[in-house]
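For reference, the structure discussed in these notes is given below.
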Amino acid sequence: MENVFEILRERGFIRQSTNPTEIARILSEERITYYVGFDATAESFHVGSLVPIMAMVHLQRAGHTPIAIIGGGTTMIGDPSGKTTMRQLLLRETIDANGDGLLSQLKRYLDFGEGIGTFLNNADWLLPLSYIDFLREIGRHFRVNEMIKAEAYRQRLEREEGLSFIEFNYQLLQAYDFLHLFRHHGCVLQLGGDDQWGNILAGVDLVRRLEGRTVHALTFPLLTTANGEKMGKTATGAVWLDTNRTSPYDFYQYWINVDDRDVKRFLACFTLLPMDEVNRLGELKGDSIRKAKEVLAYEVTKLAHGDVEAENARSASRGAFGDGDIDLSAIPTTIVDADRLNGGIPVVDLFNEVGLGGSKSAVRRLIQQGGAYLNGEQINDTNAILTGEHLDRGALLLRHGKKHVHRVVIE
RNA sequence: GGGGAGGUACUCAAGCGGUCAACGAGGGCAGACUGUAAAUCUGUUGGCUAUUGCCUACGGAGGUUCGAAUCCUUCCCUCCCCA
């Protein structure tokens, strides 16, 4: 069997781990159960979550059994790690609904078949806990002295916002998760973002104290773009896996637009292409690196949304930026009533309605700055009214700056 | 519980009775240059039925004043010191 640990290392997934030699050994000699916890703060993942997801995929392909945990219980507390302010507390119903959304997305990457993979909600065992029992069984194993020295808490303690008691408990609950999964599912490895290191180790310690067994921890580097920004953030907000929030076309475009310096890392981390191929593409320089970006965008979109959507996004992207007018059907489209168009629609309104701009004032500014286009022609008049005369093959092609296009189809 | 300091737009941070839709920096967006990249330069960055106009905004609610982000009252919240 190929050594997954080596694969993960080579592809840039490993930041810190407890005993690397031992982890490498059990990963190549045994079939183990591992887990990753996900916050249930939204009903969709965004591209940042792809790091743990892809790591889980590699491990499952190597024959290990994933447990994906939705933090239905822990999200009710809110993890202070890496957060400068306290999180908003969410309602139980919201958290449950979020969990459903996340599961459906995970299913595209992981096999949750009988005995192959599991999806659990930690609300199932955290919510019924009794406060006193929990403190007596679990709480006594935690030293406050140590906890407040941990980076995650220290940052917050030093900042003005401080730290509330509810958040301070987060680590205990996450540690308890690991213990629970060890006891009931034989889980011996937890993976997570590097900001989770302290929380994960707390679980490792807890298992050792209560069960006398050694379990393992492994963290991923916190992936940032070459500019030092958090992954997946754009002006419009995060880049989501949910097609209602981020269309496959926009998703594809996100990857096309990554910084040159990120291409190789991203190929290794977010695609399943063999490393030879990754290295070859990663070496491309200058103009030709766009080919590598196209491969990156295509592969990542394919994993997230399937072949068909990936194909469509690719041809739409080529159509919008290349010279030929190829298939534009995958470009985000809005349908407008023919009668309404014949009555005349102010350009400003139309841009605003399809989501190119943000507000009418913003669209006016855009036009004044020469960044608004209709069917490839710059728009000069903020008061322009669109009618049927402006149709180009039954549609209007709106463009915001160089990169954002939207089609308006008339019916 | 006692004492002190604060809450300003996406973020940090000025302003401390009119000239404040609110300095400055970061970020965002657009333009030039380019390769749908980066860097650089320029412009822009509350909304609107808007050519010098109107509306909403400086934690919430009231008040003083011709006029408040700026003064007063009260409430909420945060931080620091003491208990």
Side-chain angles (χ1 to χ4, degrees), chain A residues 80 82-89 154-167 224-239 249-267 281-298 301 313-324 326 328 330-332 344-349 351-353 355-373 376 378-383 385 397-406:
Chain A
K83 294 287 169 295
T84 51
T85 51
M86 183 170 155
R87 290 197 181 177
Q88 181 106 39
L89 295 178
R154 206 178 59 214
Q155 271 187 17
R156 281 290 294 280
L157 289 169
E158 284 168 4
R159 283 196 130 240
E160 258 195 2
E161 287 84 3
L163 181 72
S164 77
F165 184 65
I166 185 173
E167 298 172 282
T224 50
T225 65
N227 274 331
E229 286 152 5
K230 239 174 140 177
M231 277 227 39
K233 291 201 67 177
T234 67
T236 1
V239 178
Y249 171 79
D250 288 331
F251 186 83
Y252 180 95
Q253 283 297 313
Y254 172 77
W255 297 99
I256 283 285
N257 283 312
V258 300
D259 194 303
D260 286 7
R261 293 167 288 177
D262 292 326
V263 172
K264 190 169 172 182
R265 275 160 67 223
F266 287 4
L267 279 167
L281 290 168
E283 292 310 313
L284 295 175
K285 291 277 179 280
D287 204 344
S288 58
I289 199 165
R290 280 185 303 147
K291 287 204 190 73
K293 290 183 183 179
E294 199 169 73
V295 174
L296 172 68
Y298 180 78
T301 309
R314 182 165 62 187
S315 58
S317 174
R318 285 176 177 166
F321 292 98
D323 13 47
I326 319 172
L328 292 177
I331 287 179
I345 306 175
V347 235
V348 173
D349 288 6
F351 267 79
N352 189 230
E353 276 171 41
L356 291 177
S359 71
K360 293 186 192 178
S361 296
V363 176
R364 287 203 181 83
R365 267 196 300 275
L366 183 72
I367 294 173
Q368 280 158 10
Q369 294 183 130
Y373 296 83
Q378 195 173 57
I379 300 170
N380 303 310
D381 180 10
T382 47
N383 296 315
I385 307 284
L397 190 66
L398 307 181
R399 204 167 102 219
H400 172 247
K402 283 177 191 152
K403 295 183 198 161
H404 310 283
V405 273
H406 197 103

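In this text, all values refer to a predicted model and were calculated from it rather than measured experimentally. Naming convention: chains lettered A, B, ... in sequence-line order (proteins, then strands); numbering from 1 in each chain.
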> What nucleotide, of B:A30, B:U36, B:G35, holds the atom closest to the side chain of A:Ile289?
Replying inline: B:G35
> In terms of side-chain heavy atoms of A:Asp259, which of B:A38, B:G35, B:U36 is nearest?
Replying inline: B:A38
> Which sits closer to the 5' end of RNA chain B, A:Ala372 or A:Glu294, going by the nucleotide each is nearest to?
Replying inline: A:Ala372
> What nucleic acid atoms does A:Val258 come within less than 4.0 Å of, heavy atoms only: base, sugar-phosphate, or nothing?
Replying inline: sugar-phosphate
> Under 4.0 angstrom, heavy atoms only, what part of the nucleic acid is A:Gln368 near: base, sugar-phosphate, or nothing?
Replying inline: nothing
>> Please classify the nucleic acid contact of A:Gly286 as base, sugar-phosphate, or nothing, using heavy-atom distances under 4.0 Å.
In response: base
> When you check every protein heavy atom under 4.0 Å of nucleotides 45-54 of chain B, what one-letter string (B, S, -) results, 5' to 3'?
Replying inline: S-SBSB----
>> Within the structure provided, determine whether A:Asp260 and A:Lys293 are in side-chain contact (heavy-atom separation under 4.5 Å).
In response: yes
> Going from CZ on A:Arg261 to CD1 on A:Ile289, what distance comes out if it is rounded to the nearest 0.5 angstrom?
Replying inline: 11.0 Å
> When you check the side-chain N and O atoms of A:Gln253 and A:Ser317, is any donor under 3.5 Å from an acceptor?
Replying inline: yes
> Is B:C10 paired to anything, Watson-Crick or G-U wobble with both distances less than 3.5 Å, and if yes, which nucleotide?
Replying inline: B:G26
>> From the set B:G35, B:U36, B:A30, return the single nucleotide nearest to any side-chain atom of A:Lys293.
In response: B:G35
> Which is true for A:Lys403 with a 4.0 Å heavy-atom rule: it touches a base, it touches only sugar-phosphate, or it touches nothing?
Replying inline: sugar-phosphate
>> Over all strands shown, is A:Leu366 touching base, sugar-phosphate only, or nothing at heavy-atom distances under 4.0 angstrom?
In response: sugar-phosphate
